[in-house]
Amino acid sequence: MERNQLLIKKLTILSIREKSAKTVNFHPQRNLITGENDVGKSSIIKSIYHSLGADVHFDDVWERADAISLLAFSYDSRDYKILRSRNHFGLFDVQGNLLQSFDSIIKGLSPHLAKLFNNKLQLKQSQTNQRIPVSPAIQFLPFYIDQDKSWTKPWDSFQGLGIFSSFKRDLINFVTGIRPNEYFLLSERIDELSTKLITLRNESGVLNSAKKEVEKHIPNASFNIDIKAFKKDIDQLLIKFEVLKNKENEYRKDLIKQKNKEVFVDNEIALVSKSIREINKDYEYSLNELDREITCPTCSATYENSMVSRFGLLDDIDTCRDLLSDYLEEKKTIAKNVAKLEGQLNLQVAKVGEITNLLNVKQGKVHLKDLIQNESSKQIKEIFNRSQSSYSAQISEAEDQKSDLEVSRSKLNNKDRKDSILSRFNSLIDIFLIKLNVHTLNSEGFSDIPLSVKSQGSDTPRALLAYYYAILFTYKEFTTLPLFPLIIDSPNQQDQDASNRNRIINFIFENTPDDCQLILGTVDLHGVDYKGNTISPVTKLKLLDNDEYVESYNEVAPLLDLLQSSLIPHS
């Protein structure tokens, strides 16, 4: 069966803080990482997954190194490099060109890798209950047996798996082929439609409640009359209303003009009256100061107190009196105009009664105003009914779509296929249990592929190893999903005796498929003959080497610059 394969080629770990580094090269088939405890075997393995966004547990010493990791790998005949610096990721081609950068695993890296590996599995996020693309940890979970948890229970090798709720059954069905990619695509669409239906039904319920509340405050539409019968009256109403409105506006404009003019004339009258009073004061003062120069008490001007001057003051008074007469006459005219305009305006306002009369025109026993109210009520109810019909149509359409998708999905949930896969899995695990010398457990009673296998004491790690390999072989036989490296860390658990330690290592080498890259981390081989790529860290508590720093730095630093530059917002 044709499938793509991911191969790990090289891992570079760089600590700029400690000026140290480590580079490890991998063979496309068999790789053994061996050495004493605390020399960094697990750190190499964990750094592979850490680079790919599947988080693992590092100790405090490693965390303080603030290591940057660069992983070279191939997939689908293409070479890639992925750089991780803290929670920032950069995916590069083999020439070092940045293909994509990410500052989030779940929102960025996860969907990108899922698309790259053609993994359609979507799992429900615990917080939102919405299906999202699986994380890198979920994708690599069937292929990683870690030293911390995997030898006591499966499907728990990585940190952060709690982001997905109850994922194990979906994952097992997916990786064994019981439910293919298409099943989960349909499940995603069905979930979307279920959410849409909940929203539509809630909104429809709110609309229905609003309709009932509004109907309490509007008249009942108790009759149906052809509106055409009232067309003539309605036309008259509209014409008269328009005429009234135009006339009223004209009268208001003219009235405003006259009022403004009246204000101007009143100001002029006040000014002229004041001038007359002031000139009279000047004239009386001149009569008392004969033949002397006098100073005007109002303007402080000095002039000769002569007969000519006194006659001049009298002329000014007469001129002002004439002007005042003119203004008084004009004020009278304005007052008449204002009174006339106010009367005309009041008359126009009174004509509103004609509209009221039109509203009281009857067609049979129905008043026109009653008809208008009746029609308004009907329109309001019609709006509600149309909206309700729209919701009903949308709900019906979504229900039909969901039903069709459920039928399609049920066809993929084929019982015969499931039984065939389960039968094959049971045969495989029985064979592997025998090979691993586990006689306290078999597949009897497995009506489904179990989430785990239960055994006791030193049998547990061997039983779990049989379980993992049964899953792997079922995966290869019944799916076309990509093949990832099988990475096994520290298989000698629970104080295995010498024969079982030898049996475990032999089992791994003999039963790992030839087309599956193997990376095995162990203290020793317990007498098993091995010829292949061997990685042997030796320094206790110090995997990274200062001598490797410069070369690794020169490789990593340019890529790190590209990644960081891509993450800086540009205005």
Side-chain angles (χ1 to χ4, degrees), residues 106-107 111 120-133 162-167 169-170 183-231 233-235 237-238 241 245 352 355-356 358-413:
I106 294 301
K107 294 182 179 179
K120 306 300 183 184
L121 177 61
Q122 304 240 342
L123 297 176
K124 288 187 176 181
Q125 195 173 17
S126 299
Q127 291 183 343
T128 65
N129 207 34
Q130 299 295 312
R131 289 187 181 271
I132 62 173
I163 189 174
F164 298 107
S165 57
S166 305
F167 69 88
R169 176 53 59 195
D170 276 347
Y183 180 93
F184 293 96
L185 286 174
L186 292 172
S187 295
E188 177 191 8
R189 182 65 182 132
I190 289 169
D191 286 348
E192 290 174 354
L193 287 170
S194 296
T195 301
K196 181 178 180 181
L197 280 168
I198 291 172
T199 301
L200 288 173
R201 286 168 181 151
N202 288 341
E203 291 178 354
S204 177
V206 171
L207 180 68
N208 191 50
S209 299
K211 177 185 176 184
K212 290 179 180 179
E213 186 64 26
V214 170
E215 285 178 342
K216 294 178 183 178
H217 304 285
I218 61 175
N220 290 324
S222 57
F223 51 85
N224 290 307
I225 296 178
D226 185 2
I227 195 69
K228 293 180 181 178
F230 288 87
K231 186 175 187 306
D233 291 332
I234 292 172
D235 289 344
L237 171 66
L238 294 175
F241 179 77
K245 182 179 178 181
V352 173
I355 296 178
T356 304
L358 279 175
L359 288 173
N360 290 324
V361 171
K362 291 184 177 181
Q363 183 74 13
K365 294 183 178 180
V366 181
H367 288 86
L368 182 58
K369 63 181 179 180
D370 297 329
L371 175 65
I372 292 172
Q373 290 176 349
N374 187 71
E375 287 299 313
S376 298
S377 300
K378 286 167 63 178
Q379 287 181 19
I380 292 172
K381 292 177 181 179
E382 181 62 26
I383 290 171
F384 277 110
N385 290 336
R386 282 200 305 269
S387 298
Q388 198 67 60
S389 296
S390 175
Y391 275 112
S392 297
Q394 292 181 69
I395 289 171
S396 178
E397 181 182 5
E399 287 175 337
D400 290 343
Q401 290 177 356
K402 182 182 176 185
S403 178
D404 291 343
L405 292 174
E406 287 173 339
V407 170
S408 299
R409 186 177 66 174
S410 67
K411 293 177 180 177
L412 295 174
N413 197 21

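In what follows, residues are counted from 1 in the order of the sequence shown. Source: prediction; values computed, not measured. FYI, side chains are in, hydrogens and waters are out, and symmetry mates aren't considered; it's all heavy atoms of this structure.
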Straight-line distance of Ile163 CD1 to Lys124 NZ, nearest 0.5 Å: 15.5 Å
Closest non-hydrogen atom pair between Leu197 and Ala398, with its separation: CD2-CB, 3.6 Å
Verdict with reasoning, Ile190 to Ser194, per side-chain contact (heavy atoms from CB on, under 4.5 Å): CA-CA 6 Å; Ile190 289 169; Ser194 296; 4.2 Å; yes
Any side-chain heavy-atom pair of Asp191 and Gln122 under 4.5 Å: no
Approximate separation, where rounding is to 0.5 Å, of Tyr391 OH and Asn208 CG: 12.0 Å
Side-chain donor-acceptor pair present, Gln394, Ser390, cut-off under 3.5 Å: yes
Nearest-0.5 Å distance that lies between atom CZ in Arg189 and atom NZ in Lys402: 12.0 Å
salt_bridge(Glu399, Arg201) N-O dist < 4.0 Å: yes
Heavy-atom pair of closest approach, residues Ser165 and Ser126: N-OG, 3.3 Å
Nearest-0.5 Å distance that lies between atom CD1 in Ile132 and atom NZ in Lys107: 10.0 Å
Backbone N/O of Leu200 and side chain of Ser204: donor-acceptor pair under 3.5 Å: no
Partner residues of Leu185 under the side chain to side chain contact (heavy atoms under 4.5 Å, CB included) criterion, sequence neighbours left out: Lys120, Glu188
Arg131 side, atom CZ; Asp170 side, atom CG - distance, nearest 0.5 Å: 5.5 Å
Spacing of Asp400 atom CG and Leu405 atom CG [to the nearest 0.5 Å]: 11.0 Å
Sidechain-backbone polar pair: Ser396 side chain, Ser392 backbone, donor-acceptor under 3.5 Å: no
